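Data block below; observations after.
What you are looking at is a predicted structure, and each value in this text was computed from that prediction instead of being measured. Note that the numbering runs from 1 along the sequence shown for the chain.
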Amino acid sequence: MQTPIPRRTIALLWLSVASVTHAQPAATTDGAEQKLTAAPAVAPATDPVARIRDEGLNRSEVMATLSHLTDIVGPRLTGSPELRRASEWARDRFTTWGLQNAALEPWGPFGRGWSLRRFSAQIVAPQAIPLIAYPKAWSPSVGIQPLEADVIHVDIKKSEDFERYRGKLKGKIVLDGPIQEIKVKFDPLAGRRTEANLLALANSDGASGSARPTTGSALATPEQRAALALLPRRYQFFSEEGVAVLLQPSRIGESGTLFTAAATVYPPRVAATEKSAKAATKKATPPEEKSATAKKGPKGGTITPAIRNVPVWKTDAPPIIPQITVAAEHYNRLVRLTAAGEQLRAAVDLQTDYHTGELMAANVVAEIPGSDLADELVMLGAHLDSWQSGTGATDNAAGSAVVMEVVRILRALDLKPRRTIRVALWTGEEQGLLGSKAYVTAHFGVPKNTPAAGAAPREDADPFATTRTGASGEIEKKPGHEKLSAYFNLDNGGGKIRGIYLQNNEAARPIFRQWLKPFKDLGAETVSLANTGGTDHLPFDQVGLPGFQFIQDEIEYWSRTHHGNMDVFDRVIADDMKQAAVIMAAFVYEAAMSDGKIPRKPVRPVPAAAPSPAGTPTTTEPARR
């Protein structure tokens, strides 16, 4: 495979002089920000990268795009009308900017959508206490009218605790779980990557480069492991007892910031005769789980423990109780009030809609046609879907706005790439990279995963699951596999680009290092061998294609915005967005113009997952840091 050849020499001299005008260090030693200075009003007309920089810094539309996706459309849950609205708007913007083949490309079926129509929650007696809270996605309504009911605190830690509450919960609003320990934090909530952090990434041996903070282990103590093992039974118990609403604390976040995602669903217990229980187990249980032994229920019936959970967005998901996440400080106060003997009464108005008319989801795609290498592709993308409590600004309208700005810049400059440039806005990312996996499968290939010895194949198994036992490392390739040069992704918040993860593709290091040179003054120069995960470059990487995610400043991503109610437009820094769009545009353009495609790394078998402890659910609840 040929190595791409950089296209500029004279331009670097101009950029080195212009860097004095542009200079924006990553951060001063005391953390103070320096404002991004615009490029000169007149840029050399002959250098495409200099023109990209001028257009992106002086005539940017990235924040207008971000505002539309967040303020006007709002949260964009997969399957919802809001996501459809955002997708159609993005498609039309691509067409307006002169891209070709702009379309919504269906994938799925995904399942039912969900929208919030109305919500409020407060304590109404013995005093009024408005609550900072938000419903979990796919929670049902409380009914046509608002619900007013008594509040009871339930903290189940061991099997014996169920009997304490049996017969006491019907129609009640339940505070589910213990008080959350909240420690005063003296570290800043926002920050940029330090020189030490960037040096460590540059010196990485290829291990994970994820910046996800440690949140504590949900299996740290025997008591916590016991409580976690009871998680499915707890939800089943609440359903059987007729609980009206579950109020649950935000497991991370403080000062009114809460983090929430999808409602939890567990299949109801099956209490029946031995014969009917065996029949139900045979029908609903995967082959490798059918050896599970049925257990006696508390009233002489039989419980079938081996029915797998159905995602809450699936149309065949069992009915669930409305679930609401409450800010930790407000939740803790309510628990303390009940412990002090106060008889709390709450009013909850929760009206939601399920959308089942269209079960297919869709990615948004568009192209800038190539010239002499038009049959080859360079792709860029970000996920357009979000969770529901904020407006999905840093996760990931910011990434979507940047990639949209990239193609706007390239079209505004009327640059003529050799390879076709294809942009994609993914959906279903928050439910497991579903949209990008479907796209890669349809256009490029799919991993050939073989079950572990003695295990039967499952029809619904995810071939991209990196934790799946027995992954072979082989790929079932589509014709398009040889035509893709590279895919570039942006999905680590609204922070500016500091470099790029090589995803263990050492051969790409000298190429990307050269492409980053003009942007040293903008704080981007780190090339890291490290892997980073959790987003849409992974399906490309897993079929042996060059897929890359940029290194970004975290800002408040983990402390305030990621999946949080404060993930809104105001938490995004305009200068960072402009910088990211310029650098990403330069990378995409360079990849589209190079003589050779980006080198590919050898395909290695995917490591098998370590088995979970016996009886431990695979679904866990996050722990407070």
Side-chain angles (χ1 to χ4, degrees), residues 73-88 104-117 119 134-141 232 235-236 239 246 260-268 283-286 307-325 350-365 383-389 392 395-396 424-442 446 458-465 468 534-536 538-539 563 617-619:
V73 176
R76 303 166 304 282
L77 194 71
T78 299
S80 69
E82 294 78 17
L83 180 58
R84 171 66 62 162
R85 180 186 180 189
S87 299
E88 292 174 347
L104 271 59
E105 184 171 317
W107 62 267
F110 167 73
R112 58 184 179 173
W114 179 89
S115 292
L116 180 63
R117 197 186 326 146
F119 172 69
Y134 212 92
K136 292 185 177 182
W138 287 282
S139 279
S141 302
Y235 280 94
Q236 293 160 351
S239 178
L246 290 174
T260 190
T264 301
V265 56
Y266 284 98
K283 180 178 179 181
T285 306
I307 300 177
R308 278 183 297 115
N309 299 333
V310 177
V312 68
W313 53 86
K314 293 299 184 182
T315 55
D316 58 347
I320 60 173
I321 300 167
Q323 299 167 31
I324 297 170
T325 300
L350 174 58
Q351 300 296 321
T352 66
D353 290 320
Y354 291 113
H355 306 286
T356 57
E358 176 56 78
L359 301 181
M360 297 293 287
N363 300 314
V364 188
V365 295
H383 75 87
L384 186 59
D385 64 303
S386 75
W387 285 114
Q388 74 280 12
S389 63
D395 188 24
N396 183 41
L425 300 178
W426 311 114
T427 57
E429 190 272 353
E430 298 293 4
Q431 289 72 42
L433 317 183
L434 300 182
S436 56
K437 287 176 181 177
Y439 187 89
V440 168
T441 298
V446 64
R458 276 173 43 175
E459 292 182 2
D460 63 345
D462 179 5
F464 289 92
R468 191 169 190 289
T535 188
D536 293 297
L538 289 181
H563 297 182
T618 55
T619 301

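- Counting all heavy atoms, side chain and backbone alike, Pro322 lies closest to Leu350 at CB-CD2, 3.9 Å.
- Rounded to the nearest 0.5 angstrom, Phe464 CZ and Leu433 CG are separated by 9.5 Å.
- Shortest non-hydrogen contact noted between Pro311 and Val265 is C-CG1, 4.2 Å.
- Within the 3.5 Å criterion, the main-chain N or O of Arg76 finds no donor-acceptor partner in the side chain of Ser80.
- Listed for the Thr78 side chain is a donor-acceptor partner under 3.5 Å among the backbone atoms of Gly428.
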Go through it in stages, so that I can follow the logic: the residues are Thr427 and Trp107, the test is side-chain contact (heavy atoms from CB on, under 4.5 Å), and I'd like the CA-CA distance, side-chain angles, deciding distance and then a yes or no. CA-CA 9 Å; Thr427 57; Trp107 62 267; 2.9 Å; yes
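- Closest non-hydrogen pair, Val446 versus Pro463, comes out as CG2-CG, 3.5 Å.
- Under the 3.5 Å distance criterion, the side-chain polar atoms of Asp536 are left unmatched by any main-chain donor or acceptor of Glu429.
- Counting only residues at least two apart or in different chains, salt bridge (charged side-chain N to carboxylate O under 4.0 Å, His left out) contacts with residues 78-87 are absent.
- In plain terms, the two heavy atoms of Asn363 and Gly435 that are nearest each other are ND2-O, 3.1 Å.
- Lys314 places a side-chain N or O within 3.5 Å of a backbone atom of Phe110 that can act as its donor or acceptor partner.
- A donor-acceptor pair under 3.5 Å is formed between the side chain of Gln388 and the backbone N or O of Ala261.
- The CG atom of Leu246 sits 9.0 Å away from the OG1 atom of Thr264 when rounded to the nearest 0.5 Å.
- Residues Ser139 and Ile320 approach most closely at CA-CD1, 4.4 Å, considering heavy atoms.
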Apply side-chain contact (heavy atoms from CB on, under 4.5 Å) to the pair Asp353 and Arg112, showing each step before the final yes or no. CA-CA 10 Å; Asp353 290 320; Arg112 58 184 179 173; over 6 Å; no
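- Annotation: the span from Trp138 atom CH2 to Thr352 atom OG1 amounts to 12.0 Å, rounded to 0.5 Å.
- The closest donor-acceptor contact from the side chain of Gln236 to the backbone of Tyr266 lies at 3.5 Å or more, if one exists at all.
- The distance from atom OG1 of Thr325 to atom OH of Tyr134, rounded to the nearest 0.5 Å, is 11.0 Å.
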Do His355 and Ser115 pass the side-chain hydrogen bond (donor to acceptor under 3.5 Å, both in side chains) test, and can you show the C-alpha distance, the side-chain angles, and the key distance before you say yes or no? CA-CA 8 Å; His355 306 286; Ser115 292; 2.9 Å; yes
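- Remark: Ser386 OG to Asp395 CG distance equals 7.5 Å, nearest 0.5 Å.
- The CG atom of Leu77 sits 8.0 Å away from atom CG of Asp385, with the distance rounded to the nearest 0.5 Å.
- Closest approach of Val365 to Ala424, counting heavy atoms only: CG1-CB, 4.2 Å.
- A ring-centre distance under 6.0 Å is found for Trp426 and Tyr439.
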